[in-house]
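Single-structure report; data block below.
Keep in mind that the numbers below use all heavy atoms, side chains included, and drop hydrogens, waters and symmetry copies. In what follows, chains are A, B, ... by sequence order, proteins preceding strands, each numbered from 1. Note that the coordinates shown come from a computational prediction; the quantities given were computed from them, not determined experimentally.
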Amino acid sequence: MKLIGLIVVIATGLLLLWGVTDFPDWADPQSPASTHLSPHFLTESIEETAVPNVVTSVLGDYRGFDTMLETTVVFAAGIAVYTLLRRSRRKDLREKPEMIEEELPHQALIVKTICRLMAPFMQLYALYVIAHGHHSPGGGFQGGVILGASFILLAIGFDLKMVLKRMREKTTLVLGILGVLIFSGIGMVCVLLEKNFLDYSALSAILPATDIIMARSHGILGVEIGVALAVMANLVLIYVNLSSDGKYERGL
Amino acid sequence: MLIDIICIGLMSLGLFFFFATTIGILRLPDFYSRMQAAGKGDTLSSMLVLTGLAVYNLHHWSFGTLLVSVKIMFILVFIFMASPTASHHIIEAGYDAGVKPWTKGEEKNEQEGKEN
Amino acid sequence: MSNLQAPILLVTIPLLAAFFAALGGMLHRKISFPIALIAIILSFHQSIIVLLKVVNDGVINYRIGGWMPPFGIEYVVDHLNAMVLVVITFVSLISIIYSKLIVERELPDKIPQFYTLYLLLTTGLLGITITGDAFNLYVLLEISALATYALLALGKDRALISTFNYLILGTIGASLYLLGVGHLYIATGSLNMADLFRILPSLSGNSAVMVGFILIIVGVWIKMAFFPAHGWLPNAYTYAPSSSICLIAPLMTKVSVYIMIRIMFSVFSAEFTFANIAWQTAVVWCSVIAIIGGSLQALAQRDFRKMLTFLVVAEVGYMVGGVWLANEIGISGAILHILNDALMTLCLFLVAGILIFKTQRHQLMDFRGMFRKMPVTMGAFIIGALSMIGVPPTCGFFSKWYLIQGAIEAGRWEFMAALIFSSLVNAVLFFRIIEIGHFQHETDSHDHAEEKISEAPAIMLIPLVVVAIALVVIGLYTNDIVTNVIQHAVPVL
Amino acid sequence: MEFLLAKYNYWFYILIMMVGFYAMISKNNLVKKMIGVSIFQAAIILFYVSIGAKRGATIPIIEHGHDAVHHIDPTAYINPLPHVLMLTAIVVSVSTLGVALALISKIYAKYGTIEEDEINEQLTDV
């Protein structure tokens, strides 16, 4: 098995090496990748969407459909993990208890204090990253991950029950669904306004005091908020289920 | 000019400690001493490098660059809090799980390094 | 053109419904089924609209976000994917009605999640079929893959470990596809399929493009369980819950074949694909091995579902081989076989599901006396079996006929021999079951307790009967389908 | 030598990818297999991000003054598209990892081990 594996690996490697020989040089400004599509995005982004961060405008608008499906992938993973691991209450009673020992209170003091100190700052920073994605590196995914990480940090520092009191299972699920719904809902609103799916310029009809270009910018912001909610909720959902084996009793 | 010297000094010191940390993680005999290297060395070296960056950023003195430097200092404060706590917690978890500390004269605890 | 929203509604209705099914399931677990059902009916309706529009007016382009194609993502519906869209929504509709009772029995505490995943899987398959953007396809591939992993892993026995193997191989396949798209991107700077089709001929002989082609095709082969990489399929499908397998088994492999056809003819050109005769021969030989090996291993099985999974492997060989015959008849046979095989596999898996639903068992021997107990089910089974064997007027005959003609025209006698051989093996297989069902009665007193087994409930029978009728109707109207739809889908060679 | 240096990023992506690929194929432990998959996907991400690089260019955030937007030089900014694509791919790989870990966790609960050969032994015994 190992020998076959090695042969397959070497063969694939040689194939890829052969492919590389005709690549343009690394970081070549004249390579097709740099001259075909990207100049259009770079020069037109501000005029067409009023977003200086081109990654955000491509992510949220030019290829917004990819992003929507990507959020759906996170949602699918969250639901998949939830479906696989979550125990129903009936069976739960019959399971033998977890083997993790009780944590002594004095030992966790440092960790708890620091976690309590850090979590609000993390959440504040996450909101900044989400809201400031138009102008600086950031956006829905990054902000959502930081937001989710702050809850996971609390779950590690304290225990899972404490987090589940603040983020109930139903809240997490609803937020995860709501995030994706915001995204696809904005897309459907555009369809209802007789434009194409995810054509945010249609939103200028219902948003006050926005022209077509600003409507795109606002549309991207709305989408980013949806992405952030979905990513945050689903990461928490995945973590909670994985760490407690679906019992929601005590995590790591 | 002075800024350059300070900045180069801080950064190369930071890189030196990073290097030392890496060697420590690879070469020290057991879990606790390796975590020692990771926790202390990592914090110190990233603090040094970040301070260097903050100083470097003040080359063009304006409100904008000052703001960026202040932000970098904020990152530094958080690393200063988080990194030692994290290594403390990991060591604690190792202690709870019953990892035996290395004592002088023993063989280097290779087995445990492989397990983890 | 901008007013026709059907192409996007087709995909987004199941997607939105997935979210609403999850939300509604939290209120009450019975809400999610009607939501899912309505969404799939609407989606089926939209796919019919799209198909009629394509047949009458030609190719539909839909710009998502209103952006020009190479910059934004574009949906392109031509004859080929319009047909596949209808097949997907039809199969999805049939099996959601059919599996209602099974889900309630198999997964009583996971009903909303099941329907959410089911709708996500349908969305993924529809999106793969309709999209005109190479990267978008990857994302949709992963949506459908994740939903499939979760659905397969809900099964019993070895389901977990075989799903894990599928996950590893599926991820390798999707990653190779992504890597191949990266090679195309680095050589052309574009991700849009039409744009790639325009640029790629000027890059013939570029090794990056060649490697990209190989990577994509190999990735898709792994996904569809083509011969050297077929190992994951039988186990993963055998132990899956019978509620979801009726959606997964007929469609996953067919959609992968569709991706292969799309990549070969709409991204690369036929001249590029068939430039190298040695490759072509190698692929046809692989499919010959797939067909013969799959049939023989099916013959060795005593478990009905496992037998069917090996037949799926053999059928993949039919389609890949048919496409790589490199002539128009072979390719139209392969495309027709996507349609037929989806329905045939569906029919047989529906029968397997009913058998398990009623008797909790799925060995071949469990067919004893079934003709007396379940005449309708077994009638549908016979139609499905005849179609699998390739007896006119069921549709299986016609695609096989096209494939054989294609093999003769290309001079690939080995492929023709494999086709005939597999038909014979199928005949042996299914007549053995019919014989068991018809002439062997339970003699041992032990089984008398199960004498009460009667026909399945109507909600499961009606879908099965519809599929069985569809098998014959499609067989009768094969000529119309070929002249109106498939002829336009085949590239000019 | 010139030839080697001009594409060094691509050589490294192949190296990393093959490490991951080998782990994926030949490791016995399911978690190690998943680590292999992650390395494999990370290599693809490196590959794409390398495509986006452009000599002498900066991050693609357009600096615009308060006056109206005037001529933007596309060669001054790196290619944003691969970064967008890789944001998607990272999310996908994380999601796959999550589902895989959930599966491994269930496998461990069922068989009491995550070594593939031991599981296979248990399967053949039954």
Side-chain angles (χ1 to χ4, degrees), chain C residues 70-73 117 133-136 138-143 145-192 208 211-212 215 219 235 239, chain D residues 7 10 13-14 17 20-21 23-25 27 30-31 33-34 36-52 79 81-82 84-86 88-89 91-93 95-111 113-114 116 118-120 122-124 126:
Chain C
F71 304 110
I73 292 170
L117 290 168
D133 190 279
F135 187 79
N136 196 236
Y138 166 73
V139 183
L140 286 153
L141 204 62
E142 284 291 343
I143 290 184
L146 284 178
T148 315
Y149 304 147
L151 287 174
L152 291 179
L154 289 173
K156 295 194 185 73
D157 296 341
R158 297 188 190 181
L160 285 173
I161 190 77
S162 49
T163 308
F164 187 80
N165 286 334
Y166 176 32
L167 190 146
I168 296 276
L169 273 169
T171 311
I172 296 180
S175 300
L176 289 181
Y177 176 85
L178 180 63
L179 195 58
V181 171
H183 278 75
L184 296 189
Y185 179 68
I186 202 170
T188 63
S190 181
L191 291 165
N192 185 284
V211 172
L215 287 172
N235 276 333
Y239 301 107
Chain D
K7 292 170 187 169
Y10 300 124
Y13 110 76
I14 294 176
M17 178 174 283
F21 199 31
M24 196 152 59
I25 292 177
K27 285 291 168 191
L30 300 184
V31 175
K33 266 183 194 275
M34 270 332 283
V37 172
S38 290
I39 295 173
F40 191 87
Q41 283 168 331
I44 294 181
I45 290 165
L46 172 63
F47 165 60
Y48 267 86
V49 172
S50 314
I51 301 175
N79 186 352
L81 195 51
V84 174
L85 303 182
M86 280 313 102
T88 309
V91 170
V92 167
S93 74
S95 307
T96 318
L97 187 65
V99 175
L101 288 177
L103 275 174
I104 292 174
S105 155
K106 283 202 88 170
I107 289 173
Y108 183 71
K110 185 164 180 179
Y111 299 100
T113 175
I114 49 170
E116 203 177 20
E118 291 174 20
I119 295 172
N120 285 337
Q122 288 191 22
L123 286 176
T124 45
V126 174

Requested in this report: Check the pair C:Ile186, D:Tyr10 against side-chain contact (heavy atoms from CB on, under 4.5 Å), reporting the backbone distance first and the verdict last.
Outcome: CA-CA 12 Å; C:Ile186 202 170; D:Tyr10 300 124; 3.3 Å; yes
Report task. Please test D:Phe21 against C:Ile172 for side-chain contact (heavy atoms from CB on, under 4.5 Å), starting from the C-alpha separation and ending with a verdict. Result -> CA-CA 9 Å; D:Phe21 199 31; C:Ile172 296 180; 4.0 Å; yes
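Annotation: side chain of C:Ile161 is in contact with side chain of D:Leu30 (closest heavy-atom distance under 4.5 Å). When side chains are defined from C-beta on, C:Ile168 counts as touching D:Met34, because their heavy atoms get closer than 4.5 Å. Counting only heavy atoms from C-beta outward, the side chains of C:Phe164 and D:Lys106 never approach each other to under 4.5 Å. You'll find the side chain of C:Leu167 stays beyond 4.5 Å of the side chain of D:Val37, heavy atoms only.
Using a 4.5 Å cut-off between heavy atoms, C:Leu179 contacts chain D through both its backbone and its side chain. Heavy-atom distances place the side chain of C:Phe135, and not its backbone, under 4.5 Å from chain D. If you measure heavy-atom distances from D:Ile119 to chain C, the contacts under 4.5 Å come from the side chain alone. Using a 4.5 Å cut-off between heavy atoms, C:Ser175 contacts chain D through both its backbone and its side chain. Both the backbone and the side chain of D:Thr96 come within contact range of chain C, with heavy atoms under 4.5 Å apart. Within the 4.5 angstrom heavy-atom criterion, no atom of C:Leu169 approaches chain D. Neither the backbone nor the side chain of D:Ile25 has a heavy atom closer than 4.5 Å to any heavy atom of chain C.
No other option in D:Asn79, D:Val92, D:Val99 has as many heavy-atom pairs under 4.5 Å with chain C as D:Val92.
For the atom pair NZ of D:Lys110 and CZ of C:Arg158, the computed distance is 10.0 Å after rounding to the nearest 0.5 Å. Between D:Thr88 atom OG1 and C:Glu142 atom CD the span is 11.5 Å, to the nearest 0.5 Å.
Heavy-atom neighbours of D:Tyr108 OH from other residues, nucleotides or ligands within 6.0 Å: at or below the threshold of 12.
Partners of C:Tyr185 under the ring pair (Phe, Tyr, Trp, His ring centres under 6.0 Å) rule, at least two apart in sequence or in another chain, do not exist in this structure.
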What donor-acceptor contacts under 3.5 angstrom involve side-chain atoms of residues 41-49 of chain D, with partners at least two apart or in another chain?
{"from": "D:Tyr48", "atom 1": "OH", "to": "C:Leu178", "atom 2": "O", "distance (Å)": "2.9"}
{"from": "D:Tyr48", "atom 1": "OH", "to": "C:Gly182", "atom 2": "N", "distance (Å)": "3.0"}

